[in-house]
Amino acid sequence: MPDEWYGSDTAQAIADQLVMRQMDNGGWQKNVPYHKLLDDDELAKVRRTGVGATIDNGATTLEMQFLAKVYGRTANSDYKASFLKALDYLLEAQYDNGGWPQFYPPRGNVSYSARITYNDDAFVNVMYMLRDIYEERQPYDAFKLSVEEKTKARRAFDNGVECILKTQIRQNGVPTVWCAQHDEHDLRPAPARSYELASFSGSESVGVVRLLMSLPDPSPEVIAAVDGAVAWFEAHAIKGYKTEKVKDAAGKTDIKVVPSAGHVMWARFYDLETGQPFFCDRDGVKKTSLSEIGYERRNGYSWYTTAPQRIIDAYPQWKADIQK
């Protein structure tokens, strides 16, 4: 929305709603449409205690960003207090190794909720916000945070970079890319849902690399991490094919992989041993082609991406810039 909108009555009503429905631990639940005013029945479904606070699907970071924008127009102290409570939540949720779990506290009935989570840019979203906070970028500059608060955000960001470097998958000592999730203890690639097996990620790794490439004065370790990831992307590109939605004789839409000259894409998952793309139904059995899995998973999940191409395209200029 335009900047001035964040001072409107509607924006403030939504911000009040965020404050009222912030969980006791400081985070927010995911998939709650806070961008609109919820009625009493909808609000009653939003718990404030127990598990459920998360950084998945943009949760918590988006609410914090919204509060910052409204605070910048209103200077309402309730919004700042809510923001700081959420910042404390993120700092507390960070592991000693620098990673963030998908949920904090982890959901006991969901084992992967405790994993270090790059999936859907959860980890990366937190990192960008922390950097904006300690560098006093908009909209967080409006809070005029203390030196101590900014120092904590900077320390968490630096620890996050170290976690990224430590979790990068290495083959024969050579850095490659990342898995969508990593074990919170030994940092190795880890599975999530039944069809999300441990793998090289052709999708989630993109956001991680983009973050590393945004670092000013990157260390030799960061440069090596980016070099390795780009080399992996280049080596694992699927050339001459694309996905296309087609209709069968009954008019039912289905996703197919079809030849397409000049097109380049990447699979979401690559086998950790063979380096080949794989696909899974909910039974967790690896298949070598998209056509081998059932209609529901084939069409209900993003199995391919073109996002690595943006990294490859930006890489030569990045190399030139860091060598100046």
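At distances below 3.5 Å, at least one donor-acceptor pair connects side-chain atoms of Gln168 with backbone N or O atoms of Ala225. Between the side chain of Asp281 and the backbone N or O of Asp283, no donor-acceptor pair lies under 3.5 Å. Counting only distance, with no hydrogens or angles, the side chain of Gln22 and the backbone of Ser82 share a donor-acceptor pair below 3.5 Å. Under a 3.5 Å cut-off, the side chain of Glu292 and the backbone N or O of Thr288 do form a donor-acceptor pair. Although no hydrogens or angles enter the test, the distance criterion places no donor-acceptor pair under 3.5 Å between the side chain of Gln29 and the main chain of Thr54. The backbone N or O of Ser203 sits nowhere less than 3.5 Å from a side-chain atom of Thr305 that would complete a donor-acceptor pair. Listed for the Asp183 side chain is a donor-acceptor partner under 3.5 Å among the backbone atoms of Asp186.
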Going through the distances and angles, do Tyr304 and Trp266 end up as a ring-ring contact (aromatic ring centres under 6.0 Å, His included)?
CA-CA 6 Å; Tyr304 288 100; Trp266 285 259; over 10 Å; no
For the pair Asp254 and Lys252, evaluate salt bridge (charged side-chain N to carboxylate O under 4.0 Å, His left out) and give the outcome as yes or no after the intermediate values.
CA-CA 7 Å; Asp254 198 2; Lys252 189 176 182 180; over 6 Å; no
Show the numbers, then the answer: is there a side-chain contact (heavy atoms from CB on, under 4.5 Å) between Glu136 and Lys150?
CA-CA 8 Å; Glu136 297 184 289; Lys150 289 182 289 186; 3.1 Å; yes
Could you go through the salt bridge (charged side-chain N to carboxylate O under 4.0 Å, His left out) check for Arg154 and Asp158 one step at a time?
CA-CA 6 Å; Arg154 177 60 187 264; Asp158 290 344; 3.2 Å; yes
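Taking every heavy atom of both residues into account, Asn25 and Ala53 meet most closely at OD1-CB, 3.5 Å. Minimum interatomic distance between Ala237 and Val264 (heavy atoms only, all atoms of both residues): CB-CG1, 3.7 Å. Of all heavy-atom pairs spanning Ser205 and Phe233, the tightest one is CB-CZ, 3.9 Å. In terms of heavy-atom proximity, Thr117 sits nearest to Pro101 at OG1-C, 4.1 Å. The two residues Pro189 and His182 have their closest heavy-atom pair at N-ND1, 3.6 Å. Of all non-hydrogen atoms in Ala198 and Cys179, the two that sit nearest each other are CA-SG, 3.9 Å.
Comment: Arg137 does not engage Asp141 in a salt bridge, judged by the lack of any side-chain N to carboxylate O separation of less than 4.0 angstrom. Ion pairing between Arg193 and Glu196 holds under the 4.0 Å rule for side-chain N and carboxylate O. Salt bridge absent: Glu162 and Lys166 never bring a charged side-chain N and a carboxylate O closer than 4.0 Å. A salt bridge is defined here as a Lys NZ or Arg NE, NH1 or NH2 lying under 4.0 Å from an Asp or Glu carboxylate O, and Glu184 with Arg115 meets this definition. Taking the charged nitrogens against the carboxylate oxygens, Arg298 and Glu296 have no contact shorter than 4.0 Å, which rules out a salt bridge.
Rounded to the nearest 0.5 Å, atoms CG (Leu272) and OG (Ser199) are 6.0 Å apart. Atom CG of Leu187 and atom CD1 of Ile116 lie 5.0 Å apart (nearest 0.5 Å). For the atom pair CG (Asp271) and CG (Leu197), the distance works out to 9.0 Å, reported to the nearest 0.5 Å. Distance CZ/Phe66 to CD1/Ile14: 4.5 Å, rounded to 0.5 Å. The CZ atom of Arg21 sits 13.5 Å away from the CH2 atom of Trp28 when rounded to the nearest 0.5 Å. Atoms CG and CH2, on Leu212 and Trp318 in that order, are 8.0 Å from each other to the nearest 0.5 Å.
Inspection of the Glu148 and Ser146 side chains reveals no N or O donor paired with an N or O acceptor under 3.5 Å. Counting only N and O atoms by type, the side chains of Ser214 and Arg131 include a donor and acceptor under 3.5 Å apart. At a cut-off of 3.5 Å, with distance as the only test, no side-chain donor of Thr61 or Gln65 sits close to an acceptor on the other residue. Remark: the Thr306 side chain and the Gln309 side chain contain no N/O donor-acceptor pair separated by less than 3.5 Å. Ser8 and Thr10 are not linked by any side-chain donor-acceptor pair at a separation below 3.5 angstrom, with hydrogens and angles left out of the test. In this model, no donor atom of one side chain and acceptor atom of the other lie less than 3.5 Å apart for Gln12 and Asp16. With hydrogens and angles left out, the side-chain atoms of Tyr104 and Ser113 include no donor and acceptor closer than 3.5 Å.
In summary, of the residues considered (Phe143, Tyr128, Tyr140), a side-chain contact (heavy atoms from CB on, under 4.5 Å) with Ile133 occurs for Tyr140 alone.
Phe157 and Tyr134 have perpendicular rings, their planes meeting at more than 60° on a 0 to 90° scale where under 30° would count as parallel. In this structure, Trp100 and Phe123 have perpendicular ring planes: the angle between them is above 60°, well past the 30° mark.
Following chains of ILVMFWY side-chain contacts shorter than 4.5 Å, one cannot reach Leu290 starting from Val246, and the two form parts of different hydrophobic clusters. Under a hydrophobic clustering in which Ile, Leu, Val, Met, Phe, Trp and Tyr are joined whenever their side-chain heavy atoms come within less than 4.5 Å, directly or via other members, Leu37 and Leu18 fall into the same cluster. No continuous path of ILVMFWY side-chain contacts below 4.5 Å connects Met20 to Leu67, so the two sit in separate hydrophobic clusters. Hydrophobic cluster membership differs between Val70 and Leu62, with clusters built from Ile, Leu, Val, Met, Phe, Trp and Tyr side chains linked at under 4.5 angstrom. In this structure, Val177 is a member of the same hydrophobic cluster as Ile312, with clusters built from ILVMFWY side-chain heavy atoms closer than 4.5 Å.
Other residues sharing a hydrophobic cluster with Tyr112 under the 4.5 Å side-chain heavy-atom criterion for ILVMFWY residues are Val110.
With Tyr195 as the aromatic partner, Arg297 meets the cation-pi criteria of under 6.0 angstrom to the ring centre and within 45 degrees of the ring axis. Taking the centre and axis of the six-membered ring of Tyr79, the NZ or CZ atom of Lys69 falls outside the cone set by 45° and 6.0 Å. Cation-pi geometry between Lys287 and Phe279 is not satisfied (NZ or CZ under 6.0 Å from the ring centre, within 45° of the ring normal).
For Glu234, the CD atom is densely surrounded, since the number of other residues' heavy atoms within 6.0 Å is greater than 12. Residue Asp96 places its CG atom among 12 or fewer non-hydrogen atoms of other residues, nucleotides or ligands, all under 6.0 Å distant.
At least one side-chain heavy atom of Ile164 sits under 4.5 Å from a side-chain heavy atom of Tyr118. Residues Ile55 and Phe103 fail the side-chain proximity criterion, which asks for heavy atoms closer than 4.5 Å. Side chains of Lys319 and Ile223 form a contact here, defined as non-hydrogen atoms less than 4.5 Å apart. Residues Glu204 and Asp120 meet the side-chain proximity criterion, which asks for heavy atoms closer than 4.5 Å. Counting heavy atoms from C-beta on, the side chains of Ile255 and Trp303 never come closer than 4.5 Å. Side-chain contact between Arg210 and Val208 is absent, with no heavy atoms from C-beta onward closer than 4.5 Å. A heavy-atom distance below 4.5 Å is found between the side chains of Tyr241 and Pro259. The shortest distance between side-chain heavy atoms of Val257 and Glu244 does not fall below 4.5 Å.
The ring of Tyr270 has its center closer than 6.0 angstrom to the ring center of His236.
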